Amino acid sequence: MPYTPREIEPKWQSRWKAERAFATDQDASKPKYYVLDMFPYPSGAGLHVGHCEGYTATDVLARYKRAKGFRVLHPMGWDAFGLPAEDFAIKHGVHPHDRTQETIANFKKQINSLGFSYDWEHEVDTTSPEYYRWTQWIFLQLFHKGLAFQDEIAVNWCAALGTVLANEEVKNGRSERGDHPVERVMLRQWMLKITAYADRLLDDLEGLDWPTSTMVMQREWIGRSEGAEITFATELEGESITVFTTRPDTLFGATYMVLAPEHPLVEKLTTAAQRDEVQRYAHSAKNKSDRERQEALGAKKKTGVFTGSYAINPVNGAKVPVWIADYVLWGYGTGAIMAVPAHDQRDYEFAQAFSLPIVQVIAPKGGGSMPEGEAYEVSGDDAVMVNSGSFTGLSSAEGKKKIVGELASKGVAKPTVNYKLRDWVFSRQRYWGEPIPIYFPVEMERADGDPRKGDAHKIRYDQPIAVREADLPLRLPPTTDFKPSGDPLGPLAKLQDWRFFQQDGQWFARETNTMPQWAGSCWYYLRFLDPKNGEHIFSSDLENRWMNVDLYVGGAEHAVLHLLYARFWHKVLYDLGHVTTKEPFAKLRHQGMVLGEVEYTGWKVDSDWITAKDVGEELDPSEERPGIWATLKKGSALAQAVKLSETQVKKAGEGFVVSEAPSILVDARAHKMSKSRGNVINPDDVVAEHGADALRGYEMFMGDFEQAKPWDTRAIKGITRFVNNVWMVVFEPKDCEGDAHAKLRHKTIKLVGERIETFKFNTALSALMEYVSALQSKGATKADREALVQLVAPFAPHLAEECWEALGHKELVCKQPWPSYDEALTIDDVLVIPVQVSGKMRGTVEVARDATEEQVKALAMALDNVQKALEGKTLVKVIWVPAKMLNLVVK
RNA sequence: GCCCGCGUAGCCCAACGGUAGAGGCAGGGGAUUUAAAAUCCUCAGAGUGCGGGUUCGAGUCCCGCCGCGGGCACCA
């Protein structure tokens with residue numbers, strides 16, 4: 001009977017569905033296991049092989065844990081608000097809602113075709129009013145706690161596109177899409193006060209089982225920094241400049257000050273003589289996006305302008321000039337710094353550029369040498385204060401405390417902690433997002449005026465009113481006009497009848513901005529517990545039974561934002577008593593990126609080969625220039641990529657060269673899958689050709705789960721052979737003498753379980769490959785076949801069900817307990833022990849497991865090779881690692 | 001520039017500090033076939049990116065480089 005995945009896979013999928021095989025087990029007597037995937041944005045492009053990797057891993061865990069006696073919650077849903085559906089709507093005239101439902105249906109079909117064991121009775125869709133009702137509800141909790149507030153902030157406004165753009169969407173002051181001008185404008189935005197949770201978000205990372213790289217990124221993003229605020233008097237009566245510094249010990253070396261161009265004191269401190277120049281500089285700085293300011297870094301050239309004013313250094317009364325420069329950020333600290341060029345590289349470069357004095361006040365402890373041509377940035381106990389009045393001789397660490405202490409007593413300093421983390425800009429000028437459940441009083445110029453008709457009115461944004469919880473959800477109003485209007489209020493503002501309403505004769509206006517896409521994904525793992533609850537966000541009983549998430553799997557691209565935002569909301573809900581755990585996700589793993597197939601790329605300028613070493617940066621794809629192009633390291637010509645087949649290249653030393661031109665190196669590497677490169681693998685095609693079980697198996701077999709690895713279409717064959725072999729062992733059985741494989745079987749059961757738990761799926765499969773090939777060549781018992789099928793089941797569940805049935809079972813294999821093993825049978829009684837002489841391999845001896853050092857040594861000494869190696873030498877030491885190896889050390 | 005990860009056979013990848021190979025792809029030979037595909041059997045293939053060090057023993061630990069990937073980047 002041939003193996004036909006096309007027939008058996010749909011068969012078992014419908015059987016699982018009919019029997020509700022993956023309905024969440026609520027049996028409280030069992031230990032719980034909540035295994036969660038980062039739910040996808042259902043894009044029009046459909047499921048990606050990268051999704052499949054993560055989903056297969058969690059599915060393997062879910063199936064394994066069920067078999068191990070856990071009650072498992074394994075849900076799936078849709079993060080479905082967002083820009084692509086809205087863009088599609090504008091372009092094709094399909095409502096984002098309809099488009100979203102189509103893409104969801106497609107995703108769901110694809111996911112189901114892979115046989116994942118999700119409990120669809122817990123499905124959520126962030127765009128359904130039943131869901132976003134509670135997203136809005138959480139927003140109101142934030143609002144009532146003062147954690148959601150409005151502020152005027154500088155944003156990238158693109159008038160042509162009619163929207164605010166993220167920093168990533170702005171290049172050289174123009175929009176990435178459409179190349180329209182972008183300006184920095186002040187706009188009223190809703191903000192969430194995530195900074196109030198900075199310390200807890202930092203401290204509670206401790207104890208989480210997360211990848212260290214992700215924890216490091218979160219720590220750096222929060223960017224806690226301890227220092228002090230110090231106030232400098234100015235020449236102007238009543239005006240002073242407060243700076244934040246982490247190096248109060250360098251105060252004697254502060255030879256000038258810098259204000260950010262946006263700083264309000266700039267206006268006051270600028271002297272008449274400097275006014276024109278300062279204004280010009282401030283204006284151009286303001287129009288730069290944050291990104292442009294960062295790009296200026298690449299140029300390494302500091303710019304700035306003297307205001308004409310001076311401030312007084314509080315520690316020594318020195319008069320220091322006040323400059324403005326864009327290397328000081330308005331958004332961090334106080335937007336002003338004391339510049340210590342001797343001990344801060346940025347200040348050093350600025351001082352060099354403008355010939356400002358550089359005064360050394362810190363020296364290496366014990367009189368070591370100072371670096372030349374750069375700042376000496378060492379602090380702590382290895383650095384000593386010099387040239388610092390009464391503080392001279394103190395260590396940098398002591399000096400910090402003493403200087404701040406002394407200035408604090410005079411009221412001009414205080415210890416301060418700063419964070420890089422900013423409050424979260426929470427408004428979007430979009431249609432396809434959750435409406436913000438807030439409205440504002442409207443003051444009419446004429447008592448009988450109607451704001452919907454454009455009568456003169458004023459919206460009191462300073463008096464926000466929360467929609468009553470009973471009135472949630474505040475539904476997204478139907479419209480066919482999602483196009484940006486050029487108005488920062490967003491498309492909802494065009495719906496006058498929705499926007500304005502009258503109550504007791506008073507007019508009100510709704511907030512017309514919507515929430516960002518992050519909102520829905522901030523708490524979906526909680527709604528999964530109780531997705532149909534119409535009374536409460538979720539029942540506290542279920543929260544108690546299931547939280548927190550035991551395993552969370554998703555891409556590393558969410559290492560900071562999503563995971564930080566979700567943790568923030570979780571802590572707010574914790575403070576309000578709605579959840580009982582401080583952290584939502586106990587264990588986190590990221591799947592490595594699945595790259596395209598390895599490609600051999602040669603480079604040509606016109607028709608001449610260029611060796612890969614001379615090729616510089618690859619250019620972004622563009623429509624005018626089809627193909628892939630790169631700059632050259634020398635000269636201005638562009639090189640075009642020529643894709644070569646394996647037969648057109650050959651290995652030469654470290655790299656590959658063009659066969660016909662062996663001096664020409666080619667690039668041999670796998671690239672990210674992308675449309676423009678044309679190397680995207682569609683999982684549907686793989687399922688159609690090889691079956692879902694083979695795809696799942698291949699995804700797990702490719703390599704280390706957390707490491708990036710290339711797709712290799714040919715290598716799938718290895719898995720299809722394996723899957724076929726499992727099939728043959730069951731459907732074309734060959735018996736063996738006695739229980740010949742008992743040891744191997746028990747070892748395999750042990751290994752597969754251990755390797756699933758430690759995410760070593762590739763080696764779990766290699767153990768299964770060994771096992772199946774043994775059963776195939778030497779025959780199998782019923783116990784062998786049953787164990788094989790059960791161990792394979794998490795990876796290839798359809799195949800396993802079909803085999804299980806063929807073995808005479810009525811029950812589903814996914815409902816069976818995991819096979820157990822006998823530890824004693826996993827241990828070999830005869831061992832092959834390597835024998836080394838002075839660390840070099842000289843042979844092996846076969847001994848009983850409990851052989852003593854003397855026994856092994858005697859056997860080893862008898863080996864020819866060992867005797868030769870020992871000839872004329874004295875044995876000085878014997879290293880015996882029981883059951884591992886013997887090393888005879890000679891002189 | 002800084003931080004993290006990774007460099008093992010033609011390729012993808014394994015290897016508690018203890019015989020460099022678990023597994024897979026590709027390749028050679030053979031069986032089967034009219035032939036091919038598929039399948040099966042079988043063989044070969046690297047001394048672990050480079051240079052030092054620690055150790056009885058280093059792919060594994062330490063130091064310094066190189067390459068690739070990812071992240072951060074004037075945060076005072």
Side-chain angles (χ1 to χ4, degrees), chain A residues 211-214 216-217 220-221 223-225 227 243-247 250 258 293-294 296-298 300 302 325-329 331-340 343-347 349-350 418-422 556-557 559-560 592-593 595 597-598 646 649-651 654-656 667-672 698 701-704 706-722 724-725 728 751 760 762-770 773 776-777 832-844 876-879 881 883-890:
Chain A
T212 46
S213 59
T214 302
V216 167
M217 280 164 73
E220 288 178 352
W221 190 265
R224 183 186 155 99
S225 160
V243 301
F244 173 71
T245 179
T246 55
R247 296 296 304 273
T250 63
V258 185
R293 281 172 73 153
Q294 283 165 16
L297 195 166
K300 276 227 160 178
K302 293 279 186 291
D326 66 1
Y327 83 90
V328 173
L329 305 175
Y332 183 78
T334 61
I337 61 155
M338 62 176 212
V340 185
H343 306 292
D344 182 286
Q345 188 59 25
R346 298 156 299 186
D347 298 341
E349 284 162 17
F350 191 85
N418 257 302
Y419 302 88
K420 284 192 209 175
L421 183 69
R422 313 285 173 84
E557 67 273 21
V560 176
M593 201 188 303
L595 305 170
E597 298 217 36
V598 173
E646 228 172 307
V649 299
K650 60 181 185 191
K651 183 92 178 173
E654 289 290 273
F656 284 86
D667 287 326
R669 84 173 59 132
H671 300 86
K672 267 186 205 173
Y698 178 64
F701 187 65
M702 272 191 289
D704 187 285
E706 305 194 55
Q707 222 62 56
K709 56 245 153 202
W711 186 268
D712 183 358
T713 296
R714 280 193 308 205
I716 298 174
K717 194 176 279 183
I719 286 290
T720 61
R721 282 181 188 143
F722 164 68
N724 239 306
N725 290 346
M728 301 292 272
L751 277 177
K760 295 180 176 244
N762 52 338
T763 53
L765 280 166
S766 80
L768 284 168
M769 285 174 175
E770 282 184 83
S773 76
Q776 216 179 6
S777 60
V832 177
I833 301 290
V835 178
Q836 299 179 353
V837 177
S838 291
K840 288 211 172 90
M841 264 296 295
R842 295 299 177 196
T844 58
V876 292
K877 199 173 175 187
V878 178
I879 312 267
V881 184
K884 281 280 179 203
M885 56 81 60
L886 183 78
N887 188 7
L888 306 169
V889 185
V890 296

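Naming convention: chains lettered A, B, ... in sequence-line order (proteins, then strands); numbering from 1 in each chain. Keep in mind it's a predicted model, so treat the numbers as computed, not measured.
The OH atom of A:Y419 sits 13 Å away from the P atom of B:A76 (whole-angstrom rounding). Rounded to a whole Å, the CG atom of A:D326 is 11 Å from the P atom of B:C74. Regarding A:E557, its CD atom lies at a distance of 17 Å from the C1' atom of B:C72, rounded to whole Å. Counting to the nearest Å, the P atom of B:U55 and the NZ atom of A:K877 are 10 Å from each other. Atom CE of A:M338 and atom P of B:A76 are 13 Å apart (whole Å).
When both pairing distances are held under 3.5 Å, B:G47 makes no Watson-Crick or G-U pair with any nucleotide shown. In this structure, B:A20 forms no base pair with any nucleotide, since neither Watson-Crick nor G-U wobble geometry is met with both distances under 3.5 Å. For B:A73, there is no paired base (Watson-Crick or G-U wobble, both distances below 3.5 Å).
At least one donor-acceptor pair under 3.5 Å links the side chain of A:S838 to the backbone N or O of A:V890.
Here the separation of B:G17 from B:C74, taken at their C1' atoms, is 44 Å to the nearest Å. The C1' atoms of B:U8 and B:G1 are separated by 31 Å, rounded to the nearest whole Å. The gap from the P atom of B:U60 to that of B:G49 amounts to 8 Å, rounded to the nearest Å. Rounded to whole Å, the separation between the P atoms of B:G47 and B:A20 comes to 14 Å. Atom name P, nucleotides B:A44 and B:A38: the rounded distance is 24 Å, in whole Å. Taking atom C1' on both nucleotides, B:A9 is separated from B:G45 by 6 Å, rounded to a whole Å. Atom name P, nucleotides B:C25 and B:C41: the rounded distance is 12 Å, in whole Å. Rounded to the nearest Å, the gap between the C1' atom of B:G67 and that of B:U33 is 49 Å.
In this structure, A:R224 CZ and A:N418 CG are separated by 10.5 Å, a value rounded to the nearest 0.5 Å.
In this model, the phosphate group of B:G70 is approached by a side-chain N or O of A:K672 to a distance below 4.0 Å at OP1 or OP2. For the pair A:Y332 and B:A76, the criterion of a side-chain N or O lying under 4.0 Å from OP1 or OP2 is met. Here A:K717 reaches the OP1 or OP2 of B:A38: one of its side-chain N or O atoms lies under 4.0 Å away. Taking side-chain N and O atoms only, A:R721 has no distance below 4.0 Å to OP1 or OP2 of B:G24.
The nearest heavy atom of RNA chain B to A:E220 and to A:A715 marks one nucleotide each, and the one closer to the 5' end goes with A:E220. Nearest-nucleotide positions on RNA chain B place A:T212 closer to the 5' end than the other of A:T212 and A:A556.
The side chain of A:T246 lies closest to B:A76, out of B:A76, B:G24, B:C3.
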For nucleotides 10-20 of chain B, give me one character per nucleotide, 5' to 3': B if any protein heavy atom sits under 4.0 Å from the base, S if the only such contacts are to the sugar-phosphate, - if neither. SSSSSSB-BBS
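Crowding of A:M728 atom CE: a count of heavy atoms from other residues, nucleotides or ligands under 6.0 Å not exceeding 12.
Across all strands, A:D667 comes closer than 4.0 Å to no nucleic acid atom at all (heavy-atom distances).
Taking both residues in full, the closest heavy atoms of A:K672 and A:M593 are given as CG-SD, 3.4 Å, listed atom of the first, atom of the second, then distance. What you find for A:A883 and A:I833 is that their closest heavy atoms are C-CD1, 3.7 Å.
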Start with the C-alpha distance between A:Y698 and A:D712, add both sets of side-chain angles, then the distance that settles side chain to side chain donor-acceptor pair (under 3.5 Å), and finish with yes or no. CA-CA 10 Å; A:Y698 178 64; A:D712 183 358; 5.5 Å; no
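In this structure A:E646 satisfies the salt bridge (charged side-chain N to carboxylate O under 4.0 Å, His left out) test together with A:R714, sequence neighbours excluded. Taking A:E706 as the reference, A:R589 meet the salt bridge (charged side-chain N to carboxylate O under 4.0 Å, His left out) condition, with sequence neighbours excluded.
Regarding the sugar-base torsion, B:G47 falls in the syn class, its angle being within 90° of 0.
The closest side-chain heavy-atom distance from A:E349 to A:Y327 is not below 4.5 Å.
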